[in-house]
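This report refers to the structure that appears directly beneath it.
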Amino acid sequence: MGAGARLPRHIAIVMDGNGRWAQRRGLPRTAGHRAGVEAVRRTVEGCRRRGIAVLTLFAFSSENWRRPRAEVRVLMDLFTQTLGSEVARLHEHGIRVRFVGERRDFGPALHRRMAEAEELTRDNRAMDLVLAVGYGGRWDIAQAARRIAAEAADGRLDPSAVDEEAVAGRLSLAGLPDPDLFIRTGGERRISNFLLWHLAYTELHFTDTLWPDFDEGDLEAALADYAGRQRRFGRTGEQAEALEKAQGA
Ligand code: IPE
Ligand code: IPE
Ligand code: MG
């Protein structure tokens, strides 16, 4: 592993600050969302180039439905358009796309694009790109609980066998490693109902950079911050160091 051991396998990003980026320029908030697409492109490419295995991007939360209807409409149109124009390139780069969140609330055009993107890229292995749209950490835990309850009621699952693995296996990110590094742009120090279960031991990095300005330098800074952390998972510093040495050998 060597130096590579210090690279996160999974990065999860709350892409915040689009509205303020636009407002500072005297533009409508939606101009910030458009500018944010370019930062998504840069970041996906930067992570793929570095060999990051999984990138999860928070694009629209379950609470973002509370925004003005016009802003929500622009965002939905932007997702639909961007998927249409970007998926071929993601596929060329060997990226597998997965959407997580409550899809029921999306229109048919977006639904179709999401299904097409997942289908087209399903066998790709260069990187997993998880797009959280209409996602909420509490929603995710609730839908996993619903599935567990249904399986138990059907007799397919023994209630006493419901452990952490059983819950994790029914969450939207099942099969992927938990995020090692969480990044939030835009200056707020909060989770905003992102991956509540999965962030249990994730290293948190906050930056004041607004999402449309997030570039290679910001990604490098986040990775450097991460590389300097000691991940102890409840152990002592000495134990963690010994374990890291043994694994890195
Ligand atoms: C993040 O930027 C994008 C979405 C939540 C869809 P914001 O739109 O929240 O930007 P600010 O926080 O208002 O600046
Ligand atoms: C979090 O940003 C959600 C996304 C970036 C998609 P918000 O701007 O919605 O977060 P709050 O409401 O300020 O916590
Ligand atoms: Mg915001």
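Ligands are counted one by one from 1 in listed order, and the atoms in each one are counted from 1 as well. The figures that follow rest on heavy atoms only: side chains count, while hydrogens, waters and symmetry mates do not.
Distances from ligand 2 to the non-hydrogen atoms of Arg66 include no value under 4.0 Å. Taking 4.0 Å as the cut-off, Ser61 does not count as a neighbour of ligand 1 on heavy-atom distance. Put simply, part of Arg190 is less than 4.0 Å from ligand 2, judged by heavy atoms. Contact between His33 and ligand 1 is present, with at least one heavy atom of the residue lying under 4.0 Å from the ligand. Gly186 does not count as a contact of ligand 1, since none of its heavy atoms falls under 4.0 Å from the ligand.
The nearest heavy-atom contact from the protein to atom 7 (P) of ligand 1 is Asp16 OD1, 3.5 Å.
Taking 4.0 Å as the cut-off between side-chain N and carboxylate O, Glu216 and Arg49 count as a salt-bridged pair. Taking a cutoff of 4.0 Å between a charged side-chain nitrogen and a carboxylate oxygen, Arg96 and Asp123 do not qualify as a salt bridge. Looking at Arg6 and Glu244, a side-chain N of the basic residue comes within less than 4.0 Å of a carboxylate O on the acidic one, giving a salt bridge. A salt bridge is defined here as a Lys NZ or Arg NE, NH1 or NH2 lying under 4.0 Å from an Asp or Glu carboxylate O, and Glu45 with Arg48 meets this definition.
There is a protein heavy atom less than 4.0 angstrom from atom 14 (O) of ligand 2.
The main-chain N or O of Glu151 is never found under 3.5 Å from a side-chain atom of Asp154 such that the two would form a donor-acceptor pair. With Arg98 contributing its side chain and Ser172 its backbone, the two residues share a donor-acceptor pair below 3.5 Å.
In the vicinity of Val14, heavy-atom distances shorter than 4.0 Å reach the ligand 2 atoms 1 (C), 5 (C). Using a 4.0 Å cut-off to heavy atoms of Ala59, the atoms of ligand 1 that qualify are 6 (C). Every atom of ligand 1 with a heavy atom of Asn64 under 4.0 Å away is listed here by number and element: 5 (C). Proximity to Arg20 (heavy-atom distance under 4.0 Å) selects the following atoms of ligand 1: 11 (P), 12 (O), 14 (O).
Contact annotation: the side chain of Cys47 approaches that of Met127 to within less than 4.5 Å [non-hydrogen atoms, C-beta and beyond].
Residue-level proximity to ligand 1 for Arg29 is carried by the side chain, the only part with a heavy atom below 4.0 angstrom. For Phe60, every heavy-atom contact with ligand 2 shorter than 4.0 Å involves the backbone, none the side chain. Looking at Leu210 against ligand 1, nothing comes within 4.0 Å, counting heavy atoms.
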- Begin from the C-alpha positions of Arg229 and Asp225 and carry the test side-chain contact (heavy atoms from CB on, under 4.5 Å) through to its verdict. CA-CA 7 Å; Arg229 306 278 181 97; Asp225 185 10; 2.8 Å; yes
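Closest N/O/S atom of Asp16 to the Mg ion (ligand 3): OD1.
Side-chain rings of Trp65 and Tyr135 stay apart, their centers remaining 6.0 Å or farther from each other.
A cation-pi arrangement is found for Arg25 relative to Trp21, the charged atom lying closer than 6.0 Å to the ring centre and inside a 45° cone about the ring normal.
For the residue pair Asn18/His33, the side-chain donor-acceptor check at 3.5 Å is satisfied.
Summarising the contacts of atom 10 (O) of ligand 2 with Arg184, Glu63, Met15, Arg67, the nearest heavy atom is found in Arg184.
Looking at Leu75 next to ligand 1, no N or O pair under 3.5 Å apart turns up.
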